[in-house]
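Have a look at this one before I ask anything.
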Amino acid sequence: MSIRTRIASAVTAIVLLAAIIGFSIMPQGSQEGSPAAFFSRRKTLYLWYEDAALTDFLNSVTVSYNDRQTRYRVEPKLISDTDYLDRIYKASINNNDLPDIYILGNDSLERAVLTGLAAPVMDSTHFTDTKYFPQAAIDAVTYEGETVAYPLSFETSALLYNEDYLQMMADKAGKSLEDTVPKTIIDIISLSNSFDAPEGVTDIFKWDVSDIFYNYYFIGNYMSVGGKDGDDPKNLDIYNSKVIQCLQVYQQLNSYFAINTDTDDYSSVINDFADGRIVFTVATTGAVKTLRDKIASGDSTVRYGVTMLPDLTKDLKSKPMSVTDCFVVNGYSEQQNAANSFIQYVLYSQMSDFYARTGKAPALSSYDYSATDDHMTGFCKSYDASAPITKLREASNFWMLMENAFAKIWDGADSNDTMHDLYEQLMVQITGGSVTVNRLPDPERIDISAQLTGGD
């Protein structure tokens, strides 16, 4: 190294040392905007998430948060792992770059709480009523009476209808469009019987009958998997006469609507709806963006509405299921106050463009979709009325079991026998012992055809 280079290096080192000493004795209020801010001793909050659709939004809000204060910086990290929560747990107990905040589905919150990964939220303002979050969101993040996460976004199902075809039905009946929107499955069948379908319409009502998310509403009003908050293993009511009756009605629909369980999956159903082949379908929130993109590109001209899922009959009510993704503060974090502060900053001041950036429905009350797509308001109403997915670890495979039960019943299996066997299997899982469940008497069968002709 040359003498000139050595002298330059020495001078640089002296300047750096002086800057560091100067920063250490400088009053706190004078650090912002000064050259010494470069040497800021900010603490880092690590934020983990596993959905790439959130990347743009999270990058934006973390930059905004980092710029507005000097004590902390938030660093988001996209995690790809088949067992995301297990990875969080291992990083936490090993104190190895653990996340201070992470995003998790509410169905995994019990596991997070019991492993120490979810600390109660530090927020006494926003969970006392439904001004900020609907009740479904509050229930979704409540475990054993404590709020253990912050609701971020939701998924649920709703009924989509083709406005042009429904207007034809309304005109024929001499009613308004609003008064013709079906309130029950019986209404849909009645409308189909009097509808002179134009060319190109292949189905009045079609949905993905192989997926529990689009079937659950048939039984959701009469079923409990862990109670209101989905956390009570003693509150398990899935085998009762109302559930059996609902499934009997569900089975009868196989003869009214020609649905091929092998080929009519969700994607094909939404494409058919976009092409004007279907009048009514059951969809989740992503359908709104799919249809919006197709319409914008000229691949679809469908005009449609979104409304609450229909009841089965005038006596048998429906209730959809919902899943809520949440911000969780890691119980192993040493910076929980700061973590709560950041989450509250995001949720209560930075959510105005959340849907536009992510395509996900925010779990906030009265979110304004007017600048993006008003169709989402129908899903918000459905979310308000939904049953949050259970948090019970012992019932983690319940949805797969329920999906199999629906498939058997659709194909002709006895509803009572099927639900009896499912309930017995689930009780064995939860209790860990041998359980025998008595078969219920067959309830009075509700005949769809009798209701269509005015019978009871």
Side-chain angles (χ1 to χ4, degrees), residues 105-107 134-140 142 154-160 182-188 205 207-232 235-253 266 280-285 306-324 361 363 378-392 395-410 415-416 418-419 422-423 426 440 443 446:
N106 74 289
D107 54 321
Q135 192 61 49
I138 295 173
D139 293 344
T142 300
F154 73 84
E155 186 60 276
T156 194
S157 54
L159 184 73
L160 272 57
K183 301 297 190 296
T184 68
I185 298 290
I186 300 298
D187 290 342
I188 292 179
F205 187 28
W207 70 100
D208 183 356
V209 298
S210 66
D211 193 321
I212 186 62
F213 217 85
Y214 310 107
N215 279 331
Y216 182 80
Y217 76 99
F218 283 99
I219 56 174
N221 195 57
Y222 305 103
M223 181 173 283
S224 175
V225 189
K228 182 173 70 73
D229 298 332
D231 60 355
D232 183 1
N235 193 331
L236 191 67
D237 184 12
I238 67 170
Y239 178 51
N240 56 61
S241 59
K242 287 293 187 182
V243 168
I244 295 169
Q245 283 183 317
C246 288
L247 289 169
Q248 288 173 344
V249 170
Y250 173 80
Q251 186 177 71
Q252 293 173 64
L253 298 182
Y266 182 70
F280 302 102
T281 191
V282 180
T284 38
T285 59
V306 181
T307 190
M308 299 286 289
L309 288 165
D311 293 328
L312 283 69
T313 69
K314 59 184 175 61
D315 298 316
L316 292 177
K317 307 303 180 182
S318 67
K319 181 184 284 291
M321 178 171 62
S322 63
V323 177
T324 303
F379 283 99
C380 291
K381 292 177 181 178
S382 188
Y383 180 53
D384 288 349
S386 70
I389 191 170
T390 185
K391 304 176 182 72
L392 294 176
S396 60
N397 70 332
F398 170 72
W399 309 111
M400 181 186 70
L401 298 175
M402 198 68 244
E403 198 166 86
N404 291 338
F406 266 100
K408 292 177 182 177
I409 292 167
W410 183 260
S415 300
N416 196 343
T418 303
M419 290 307 298
L422 188 155
Y423 182 54
L426 194 61
L440 295 174
I446 296 176

- Just wondering, do Ile185 and Val249 contact through their side chains at under 4.5 Å, heavy atoms? no
- Item | Closest contact, heavy atoms only, Pro320 versus Ala385 | CD-O, 4.1 Å
- Would you say the side-chain atoms of Ser241 and Tyr222 include a donor-acceptor pair closer than 3.5 Å? no
- Note on the structure: Exactly one of Tyr266, Phe205, Tyr250 clears ring pair (Phe, Tyr, Trp, His ring centres under 6.0 Å) with Tyr214, and that residue is Tyr266
- Task: Check for a donor-acceptor pair, side chain of Ser382 on one end and backbone N or O of Phe379 on the other, with a separation under 3.5 Å.
- Result: no
- Query: Within a strict 4.5 Å, meaning less than it, do heavy atoms of the Leu253 and Phe218 side chains meet?
  - Reply: yes
- Query: Cut-off 3.5 Å, side chains only: do Asp229 and Thr142 have a donor facing an acceptor?
  - Reply: no
- Query: Between the main-chain N or O of Ala140 and the side-chain N or O of Lys391, is there a donor-acceptor pair closer than 3.5 Å?
  - Reply: yes
- Note on the structure: Taken in chain and number order and not counting sequence neighbours, the residues that satisfy salt bridge (charged side-chain N to carboxylate O under 4.0 Å, His left out) with Asp311 are Lys317
- Query: Going from CG on Leu309 to OG1 on Thr156, what distance comes out if it is rounded to the nearest 0.5 angstrom?
  - Reply: 7.5 Å
- Note on the structure: To the nearest 0.5 Å, atom CG of Leu426 lies from atom CE of Met402 at 10.5 Å
- Can you name the closest pair of heavy atoms from Phe213 and Glu155 and give their distance? CZ-O, 3.7 Å
- Task: Identify the two heavy atoms, one from Pro388 and one from Asn106, that lie closest to each other, and give their separation to 0.1 Å.
- Result: CB-ND2, 4.2 Å
- Message: Could you measure the distance from the OG1 atom of Thr418 to the CD1 atom of Ile244? Nearest 0.5 Å is fine.
- Response: 10.0 Å
- Message: I'd like to check Met223 versus Lys319 (side-chain heavy atoms, cut-off strictly below 4.5 Å). Are they in contact?
- Response: no
- Compare every heavy atom of Leu422 with every heavy atom of Ala405, then report the nearest pair and how far apart it is. CB-CD1, 3.7 Å
- How long is the gap from CG on Asn215 to CG on Leu247, to the nearest 0.5 Å? 9.0 Å
- Message: Whether the side chain of Thr390 engages the backbone of Gly230 through a donor-acceptor N/O pair (distance < 3.5 Å, no angle test) should be reported.
- Response: yes
- Query: When rounded to the nearest 0.5 angstrom, what distance separates OG1 in Thr284 from CZ in Phe154?
  - Reply: 11.0 Å
- Task: Evaluate the criterion side chain to side chain contact (heavy atoms under 4.5 Å, CB included) for residue pair Asp107 and Trp399; output intermediate values, then yes/no.
- Result: CA-CA 11 Å; Asp107 54 321; Trp399 309 111; 6.0 Å; no
- Task: Taking all non-hydrogen atoms of both residues into account, name the closest pair between Asp211 and Glu403 and its distance.
- Result: CA-OE2, 3.5 Å
- Message: Could you report the tightest heavy-atom contact between Ser157 and Val282, atom names first, then the distance?
- Response: CB-CG1, 4.0 Å
- Query: At what distance, to the nearest 0.5 angstrom, does CE of Met308 lie from CG of Leu159?
  - Reply: 10.5 Å
